[in-house]
Structures are given as C-alpha cells and as structure tokens.
Amino acid sequence: MYILYFDPGLGAMIAQAAIAAVAAVAIFSKTVMFKIKSIFGLNKSNEEDSYDSIDLDENEAENDKNKTSV
Amino acid sequence: MTKTRLQSSQHQASFRDPSGYVTQDKGKIVRVINPIYFPQYNQLTTSGFYKKLFKAGLLIPHLEIENTEERITISPEFIQFITHPYEWSFEMYRHAALVTLKVHKAALTKGFILKDASAYNVTFHQGKAVFIDSLSFDFYKENSPWRAFKQFITHFLGPLLLAKYHGVSMLKMMQNHIDGIPLKTIASLLPFKTKFNSTIYTNIHLLAKLESKYSEDYKADSNLSKLSKKAQINIIDNLYDFIKSLKINEATEWGDYYNKTNYDVEAFKQKEELLKDWASELKAKTIIDVGGNDGTFGRILKDQANFILVSDIDANAVDFNYKKIQKNKEKTILPFVSDILQPAPAIGFNNTERSSLIERLIDLKPNLTLALALIHHITLSGNVPFLKSAEFFASFSEILILEFPTRDDSWVQSLLVRKREFINHFDFYNEAAFENEYSRYFEIIRKEQIFKSQRVLYLLKRKQN
C-alpha cells in the first residue's frame, strides 16, 4: 500500500519502462566498452571521488580491503 | 487562531508527509512517528537497514527515545546548519543527487523504496552530503515503478543539466520551484543537441512528453504500468553513472584569487596572524566567514573552532572549497553559495517552510563573523550605505572582524572608477564615515593597519540594544 501524498505523475510511471530499456542498453554497452578497454589497458585510474559506486556493499568491501592491505 | 494540526513547536517544513513530523524539544530536534508508519519503521529498524545506512554515512543517525502505542519518537544527530539546494555549488548538488540514488538503491536491495526524492531531504553535515529524512522509506511493491522518479528528475537531474548547459546560477531556480523545476521548463531550456543523448532524451525529453500527454488523466491509476525491479535498478544505475560523470565548463573566476590579488606576502601573513590572535582571545567556536571565497581564512581558524560556515557569491569558489573539504576530509567547514546583497529568502507555504538565511544565522548564533575585504563590494558595488550593512551584521553577529580596504586600495579604486560621473556620490567611502556609522551598532575594540597594504582590520563588538 502506498500513501500517495504527492502526485508521482502517471506519465512518469509509464515512461519508466522505456527509460529502463534504454538504460539497459547504455549500461550493457558501457560494460562491453570497459571490457574491451581493459584488454588494451586503456582504463583510466579512478579519479578522486568519494562516490565511486552506487552499491553499498561493494564500497564497504573495498574499504575493508584497503584496511587490510595497509 | 483556533486549534490546528500543526502545533507551534512543529517544524514549519514538516507537514507534507503524514508518516510523522519533526518538532523541537528544548532546542533539540526530534522526529515523531505516527502509527500509520509503525510497520515501515519497525521493519527498517529490525532488518538492520537503518544501521547499515548510518554506518555508510548515508543517513543521519538517530536514537529511539520513546516507543508507545500512539507514537514513536526518534532523535536524530544534531546538524548545526541546514543549507538549502539553491545554496549549493554544482559539486555539492551533484553529490546530493548521488547520495539520493545510493540510498534508493540500498533500499531496493533490502525490499524498500525511497518514497520521495526531494532535494530538501539531503543536507551537508560534517563535510559530506547526508540524507536526513528517516521516514522517506516505504515497502517495495513487486513490479511497481519508482513513484519518486519524476521528483528525482525535477529536483536533481533537471537542475544539474540546466547548470551544465546554462551556468551554475541555474541552480538558484530551485528557489522559485520548491517542488522541483517543472519538466516542461527543463526540457524547453535544454539545447537541441541534448535530444541525441540517450540518457537525457529518455529521462527528460521523453518524460516531459509523456507527462504532458497524461496530465489530463485524473484517475491516478498507477497500476497501469509495471516495471520489474531489475528494470528499475537499470534506471538508477544509469542515472548514477551519468550524474557521476557530469561536469560544468565554467572557468574559475576566483579559484586562484589569492594568487591574483594585490596582497603582499607579508601583509597576508600579518592579516593571518591578527586574525588568529583575535579569534583565539575570543575563544570563538562557531564562526561564519561571509564572502569567504574558498575558505582560506576560515581554515586558519580550523584548530580552534568547532564549526566554520563559509559563504561566497561565487559558486566556483564554493565548489573549490567543497572539493578541498572532500580531499582533506574536513568535518568542521561548511561552504555555501550566498549573495550578501540578496540572501536566500524564506520560501514555501506560509513563507515558513524553508527559512531565510538570516533566520538560520540568528539560530546558529555565531560567536564570530568575519567580513574580510567585503565591505567595499557591499558599499560600492551594491550601493549599500554603511549604516545598512552594520544593521545586517548586527542582526546575527555579536563579534565582527571586518577588513576595510581604504580609498587608496587598488580594488576600491577600480570600483570607484566604474562609477564614472557619479564618483562624487561615493566620497563617503572612508574610514571616518565607516567608524561613525558602524558605531551605531558596534563598539570598536581594536583597529590595526595591515602594513604594506591599504587595508585596516577592525574588531567590533555589538552594542546592547
């Protein structure tokens, strides 16, 4: 059950299916490009940004790794 | 006034969400949760989701202080100063957007959703963007689209894109649109070429089109559309990647300010030392540096202060400051964009939903205000008489350290020259007139000429009444 205390917009709800499909293509092609680049060693090293990944667990795991390696 | 649902102590911005409200109890912020939200709250707590977000620094930590059948009360960690989205620099805004997406993704993986994605749910605390609305979560319903998606676009992606293509001042549009910039406005303002970017086309242009197509539909039947969780994750992953790599192409005007100005090394040092001495004598803990550029002088007082607010009109300087804070992991400095000639007004319902800058500064009660090499801009660029600026500073600051560039200073000279035939109207710009008018509100405690410069440093104390 949702409490609709603001209008989410019907158009926006419908649009998400199309947006998701395009996003899937974008993400897929990015992954492919990343793999191709990494074969040739073209990936740039990570810039200084505290917001590397959207995923929490991944970040935590990385931090733990850094801690153990120090 | 008759009895209203809003009790007087209830925070003025806290009425939109029926799940609960924020109130002040003896100066402490507490969040009261209504029974309607108990199932969500209990699940969020027992599943360890809240804890996980606290640990990751994404959500403001809270403690439960009351748990009865009628209400649950939680007390979130104290935030010294709330900045609003229209006071953020581009980088700050970008990070606020990323935090929102991160929180939503974390929620999705644990069977929750972020039910609203308002930019006001994020603020800056201890150097980082943090989500502050602990009740913004709801249960995820299988195959339902993200209901806060449009809100995310109008509050975050839209303003960020407008800033990218039309300059960072576009972020100030949020001041006019408390519910986010309308999709139509965003779409019409973006350049034609953005239609060829798949992310911008779908998330903005297509969305705007569909929104206007269905705007006449009043049935609000959201069951019409279905979206798998995987698809929803694709949307937010893609938005995250896109926003992560967003940059603006604006040359930094002030970023390198201290290398460009006419400041002699010795004079700079002396100013620094005077500032340190005076501030440590005052034992100032809460400081605001008005017109503080990239925070160079605020940072000098870092060791003695608990909290330093640094405002500047130039969003690039604020950006520069924010990046420094990220790099050095500084927790006590908070930068924000503010034009002293036009500070953020109170906005929203009843003009009380989001408080004005002055109201927030009065609440903050800074022990010390710095206004270094600012008075000539206020007086000569803004045409604000001394008495008026004195009144402004006196409204929130007890102690003021003000640097006064005299008429012979090269900056003052160039500002005066620009007045052309009206140059004589500004004959009043001198130390004597300044001291005379400021003494209506302040007592002059110290006065030091900074050598090898045309500048004078004043230590002023507010008079009673």
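Because only heavy atoms are used, hydrogens play no part in the values below, and waters and symmetry mates are left out as well, while side chains stay in. In this text, all values refer to a predicted model and were calculated from it rather than measured experimentally. Letters A, B, ... are given to chains in the order of the sequence lines, protein chains preceding strands, and every chain is numbered from 1.
- Considering every non-hydrogen atom in both Ala17(A) and Leu227(B), the closest pair reads CA-CD1, 3.6 Å.
- Summarising the geometry, atom NZ belonging to Lys30(A) is positioned 7.5 Å from atom CG belonging to Asn238(B); distances are rounded to the nearest 0.5 Å.
- Contact of Leu53(B) with chain A is made through the side chain alone, with heavy-atom distances under 4.5 Å.
- When Asn234(B), Leu210(B), Asn203(B) are each tested for a side chain to side chain contact (heavy atoms under 4.5 Å, CB included) with Ile19(A), only one passes: Asn203(B).
- Put simply, of Val25(A), Ile27(A), Val22(A), the one with the most heavy-atom pairs under 4.5 Å next to chain B is Ile27(A).
- Although no hydrogens or angles enter the test, the distance criterion places a donor-acceptor pair under 3.5 Å between the side chain of Glu211(B) and the main chain of Ala12(A).
- Nearest heavy-atom pair across Ala231(B) and Ala20(A) is O-CB, 3.4 Å.
- Distance check, rounded to the nearest 0.5 Å: CD1 of Ile54(A) to NZ of Lys102(B) gives 8.5 Å.
- Checking side-chain atoms of Tyr240(B) against main-chain N and O of Ser53(A) turns up a donor-acceptor pair under 3.5 Å.
- Of the atoms belonging to Ala208(B), not a single heavy atom falls under 4.5 Å from chain A.
- When heavy atoms are compared at a cutoff of 4.5 Å, Leu239(B) does not approach chain A at all.
- Here Phe149(B) contributes atom CZ and Met13(A) contributes atom CE; the two are 11.0 Å apart, rounded to the nearest 0.5 Å.
- The OG atom of Ser228(B) lies 11.0 Å from the CD atom of Gln16(A); values are rounded to the nearest 0.5 Å.
- Atom NZ of Lys229(B) is surrounded by more than 12 heavy atoms from other residues, nucleotides or ligands within 6.0 Å.
- With values rounded to the nearest 0.5 angstrom, Tyr51(A) atom OH is found 5.5 Å from His95(B) atom NE2.
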